[in-house]
Amino acid sequence: MELQSLKKVGPKTIEYLNKLNIYCVEDLLDYYPYRYNIYKPVNLKDCDTLDTITINATIESTPKLAYIRRNLNRITFKALSNNLLINVSIFNRSFLNQHLDVGKNITLIGKYDEKKNNFVASDLKFGWINTIKIEPIYHIIKGLKNANMNMYILNALEQINNVNDFIPDYINNEYRFIDKLEALKIIHNPENSNDLKQARIKLIYEELFLFMLKINFLKIKNQKIDGLERKFDQDKVKNFIKSLPFSLTVDQMSAVNDCLNDLKSKKRMNRLIEGDVGSGKTIVATILMYANTISGYQSALMAPTEILATQHYESIKKIMEPFSVNVALLVGSMKKSEHKKIVDDLKNKKIDIIIGTHALISSDVEFNNLGLVITDEQHRFGVNQRSNLQNKGNMPDVIYMSATPIPRTYALTIYNDMDASIIKTKPNGRKEIKTFVKKESELKSVLNHILEEVKNGHQIYVVAPSIQENEEHNTWDVESLKKSFNQAFHDKVPTAILHGKIKSKEKEKIMNQFKTGEIKILIATTVIEVGVDVENATTIVIFNAENYGLATLHQLRGRVGRNNLDSYCFLISDKEVDRLKVLEDSNDGFYISEQDFLMRKGGDLFGTKQSGDMVFKIADLRRDFKILLQAKKDSEQFLNSKEIQDPKYQNILKSIANLD
Ligand code: ADP
Ligand code: MG
């Protein structure tokens, strides 16, 4: 169903929704809240806490608005809450003033100072809350409002009377799952936490069931297909390896050999190369693309960001030059004419190796004889993209590279359809990244360190969770940090910011200036710099480190320590310090991911953090691992059962057959 058909959704809103990858009503319904605010009104008389509380109140005096100084204003009024007359202050919400009339019922969320009889409200809602209110919170972008997002979805739910349920009936019955439509209604408008639990479990299971169904389907499909059985001069590959400026580590060599054997064998290669950050996966990919080239086929390397693709392109092109292998780049930001030329050259086999982003899987890209497909940072791609690239050309061999070292059982499940090579060791001469957890009050020492490193001619990464100052999350943002740094360093140290919303050409320019040292401090969000390689960067400072999983932090700090210089990581946080300390003590990605897995327990119902690994809408692989294992078993059973032939399961089959 089209978005146009929805009430109160105009062209402008559709534009915003599209930016969130919402293109139809089904997408909208699947746009689940990432957390909930819970409001439970209390009586101030029974309440002796300094925590944030919710109270019902009635406005008793005409509100006064005062501008205290730039960027600071306050509304004050008297209000009656359970027969207690209190003073209320609200900061920086001047826009509320015109809606606050004497006699109006409101709900206030904030902190109460009993001595001063003053309530400082951080949020205000109109009307009273009876017993409890659970408010869904969505990831939104500028231009959309959380409450409106919720309204569009609830309107859609009213206009719709059935939805696809991807769980087979017999499983729904066995686990007594609630109806899918019901679950959607609850997830977007829960009345109590019990209902919400039921709805979540249904939708989490559905997502994981479908995921495992796809993986198992791919596995069965792959086993049936013959791959390319190729011949190439092994000595040429040896010479290629000899020509590199360093010798391979034992693990790199063995991963290369695993893959070379796969290339030679008739079986179709479908292999995961799992290795910690900095373990040197790119060169392994490069060697295999060389072997594939001399066996007469084209190769494709797909990376999750343009920056990364461009970096790979530059380094691989240089290595390939003496061997007269043609390397090209294809990314989304290219001009139509450039794009077309590359597409033509690919078709005519003027290109041996193509490196790019998901632009590679756009439908107009055709290969002459694609023989090998490699995806870098695989955990950033969904399972659909996994199969799309596989299906280009004539059943090419496939290699996935992933830098998230995840516990073994976990890897075996989500990469169940693949063989695996693991790179455990890092190249010699690498020093450990010295890591320190610092409180915000200790920032000064971190700034001193930064200045010291800059004086020594090195560069610094700074990471913050959001782009702009934002009311909803009380966290550091890239733009304010740039201001603060410039102030602290008296504009003497060149800084730049980088995030997903900056245009690619501009991004590339900034990245280059950072590489060459023209820019000393790069302040970025996390999305941007996976896998980026700037050897001279020696320090990374991560603000609000508590926001991230340990594995993600470990991966982020892998941006430094790329050569034999001393390198440092500062995790700035006032919370969850014990958890973060794991990173002070260990530089072993596999150990860290185990700890991460153990520490992030289930039951985190109202505080689900977005996980950087894998792209799920509601499931969290760490938290929902048990459900994943069950879904794995159930999906295997379903694929092998007669039930699957039942016409009523057409929709389920269609969704996995999409993979073709
Ligand atoms: P990742 O596994 O995180 O993708 P990269 O492939 O980016 O790691 O490699 C990190 C750095 O290590 C690169 O600068 C690369 O040239 C270098 N490198 C890779 N293998 C070796 C090796 N065997 N000896 C020395 N340096 C190496
Ligand atoms: Mg890499």
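Every number for a ligand or one of its atoms is a count from 1 in the order of the listing. Excluded from the calculations below are hydrogen atoms, water molecules and symmetry mates; all remaining heavy atoms, backbone and side chain alike, are included.
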| Test log, rule side chain to side chain contact (heavy atoms under 4.5 Å, CB included), inputs Q459 and T538 | CA-CA 6 Å; Q459 287 103 290; T538 51; over 6 Å; no
| message | side chain to side chain contact (heavy atoms under 4.5 Å, CB included) for Y568 and I540? Distances and angles first, verdict last. | response | CA-CA 6 Å; Y568 308 87; I540 182 165; over 6 Å; no
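No side-chain donor-acceptor contact under 3.5 Å links K349 to the backbone of L346. Under a 3.5 Å cut-off, the side chain of Q252 and the backbone N or O of T249 do form a donor-acceptor pair. Under a 3.5 Å cut-off, the side chain of D477 and the backbone N or O of E479 do form a donor-acceptor pair.
Each of the atoms 22 (C), 23 (N), 24 (N) of ligand 1 lies under 4.0 Å from some heavy atom of S247. Every atom of ligand 1 with a heavy atom of T282 under 4.0 Å away is listed here by number and element: 4 (O), 5 (P), 6 (O), 7 (O). Residue T249 has at least one heavy-atom neighbour below 4.0 Å for each of these atoms of ligand 1: 23 (N). The V277 neighbourhood of ligand 1 comprises atoms 3 (O), with distances under 4.0 Å to a heavy atom of that residue.
Residue contacts with ligand 1: G275 is excluded, as none of its non-hydrogen atoms falls under 4.0 Å. Using 4.0 Å as the threshold, D276 has a heavy atom nearer than that to some atom of ligand 1.
A salt bridge between D533 and R562 is present, with a side-chain N of the basic residue lying under 4.0 Å from a carboxylate O of the acidic one. Between R579 and E576 there is a salt bridge, with a side-chain nitrogen of the basic residue lying less than 4.0 Å from a carboxylate oxygen of the acidic one.
At least one N or O atom of G278, backbone or side chain, sits closer than 3.5 Å to an N or O atom of ligand 1. Of the polar atoms of G280, at least one N or O is found under 3.5 Å from an N or O of ligand 1, judged by distance alone.
The proximity of S315 to ligand 1, defined as any non-hydrogen pair under 4.0 Å, does not occur for either the backbone or the side chain. Heavy atoms of Q252 found under 4.0 angstrom from ligand 1 belong exclusively to the side chain. Contact annotation for D533 and ligand 1: only side-chain heavy atoms (C-beta onward) come within less than 4.0 Å of the ligand.
The neighbour count for N428 CG, taken as heavy atoms of other residues, nucleotides or ligands under 6.0 Å away, does not exceed 12.
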